[in-house]
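Step one of this worksheet: look at the structure below.
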Amino acid sequence: MQGFPNLFLIGPMGAGKSTIGRLLAAELQRDFVDSDHEIQARCGADIPWIFDVEGEAGFRLRECAIIDELSQRGDIVLATGGGVVMHEDNRQVLRERGTVIYLYATVEQQLRRTAKDRNRPLLRSSDPEAVLRGLFETRDPLYRATADLLVRTDRRGPRSVVNDILRRVTRLVDPLQTKA
Ligand code: S3P
């Protein structure tokens, strides 16, 4: 689709950023990039390993560098990691270089969708629900402040979320079109 900006997906673990991003990119016939996958590919190690060896701070440095690099590309759909908004630099470059979409998910949904996952070091806890609630309190205001659009992802399938995003981004980009 012509005239569409870069689309940057932000939101918590389990919101469906990768699934929805892949579908969106296919629909728009553009590249899908996942910042966590890029970090792992460049580092040659998975995220738990990076957290174990370099700490969360080391991971965040890698994340900032990759977000700066990937967001400079054109015509992409980018799925980011849930903690991307913790750095002001990330928030700024995402806002400046594309349309930012907050995939909102309730903590219950996050918990369900991450229950079997072993690749998220922050959830290696005896009480992942408490962790997700704490992260939500800190990050929800940052997601909202960074995003151009908030899209709910609970109680609906990825296809419906994608259609909603396409409709709402079209309206943002070309407000006259939706009046027709
Ligand atoms: C993180 C979310 C993860 C990954 C890392 C840290 C976070 O990405 O970047 O484990 O701080 O919320 P997903 O949101 O894709 O799970």
Side-chain angles (χ1 to χ4, degrees), residues 6-25 31-71 76-95 98 100-147 149-154 158 161-162 165:
N6 276 333
L7 299 183
F8 301 142
L9 304 182
I10 63 172
M13 296 178 263
K17 296 175 298 250
S18 302
T19 307
I20 289 163
R22 222 172 264 116
L23 278 171
L24 255 180
D31 288 340
F32 170 69
V33 203
D34 181 315
S35 63
D36 283 344
H37 288 179
E38 287 295 320
I39 292 169
Q40 295 182 107
R42 308 250 178 125
C43 191
D46 63 16
I47 290 177
W49 187 94
I50 301 173
F51 268 68
D52 284 345
V53 175
E54 301 180 350
E56 182 172 349
F59 174 78
R60 297 293 170 208
L61 283 177
R62 289 182 182 276
E63 188 175 46
C64 279
I66 211 83
I67 291 291
D68 184 37
E69 182 190 320
L70 297 175
S71 60
I76 60 161
V77 176
L78 172 68
T80 61
V84 74
V85 291
M86 297 307 289
H87 269 260
E88 164 60 23
D89 287 358
N90 292 337
R91 300 200 295 270
Q92 194 177 332
V93 299
L94 292 174
R95 268 199 306 263
V100 184
I101 297 158
Y102 172 17
L103 296 183
Y104 176 91
T106 61
V107 170
E108 288 70 27
Q109 179 188 341
Q110 295 172 38
L111 199 57
R112 264 198 312 277
R113 292 232 186 113
T114 54
K116 296 204 179 78
D117 192 276
R118 295 285 161 269
N119 208 35
R120 291 177 166 114
L122 294 179
L123 299 182
R124 285 187 299 201
S125 153
S126 57
D127 191 353
E129 180 172 357
V131 173
L132 288 171
R133 283 201 191 286
L135 292 175
F136 182 81
E137 276 188 20
T138 312
R139 294 175 176 179
D140 176 67
L142 296 173
Y143 294 136
R144 288 172 188 265
T146 309
L149 291 176
L150 179 153
V151 179
R152 296 191 70 103
T153 62
D154 47 328
V161 175
V162 166
I165 292 172

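Ligands are counted one by one from 1 in listed order, and the atoms in each one are counted from 1 as well. Residue numbers count from 1 along this sequence.
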Quick one: closest heavy-atom pair of S35 and G81, and the distance? OG-N, 3.5 Å
Is there a donor-acceptor pair under 3.5 Å between the side chain of R113 and the backbone N or O of A15? yes
Is it the case that the side chain of Y143 and the backbone of G82 share a donor-acceptor pair, with hydrogens and angles ignored and the cut-off at 3.5 Å? yes
Non-neighbouring partners of R124 that pass salt bridge (charged side-chain N to carboxylate O under 4.0 Å, His left out), sequence neighbours left out: D52
More than 12 heavy atoms of other groups within 6.0 Å of E88 CD: yes
Please evaluate residues R42 and E38 with respect to the criterion salt bridge (charged side-chain N to carboxylate O under 4.0 Å, His left out), reporting the C-alpha separation (whole Å), side-chain torsions for both, the decisive distance (0.1 Å), and the verdict. CA-CA 6 Å; R42 308 250 178 125; E38 287 295 320; 3.3 Å; yes
For ligand 1, what are the residues with a heavy-atom contact below 4.0 Å? M13, K17, D36, I47, F59, R60, G81, G82, G83, R120, P121, L122, R139
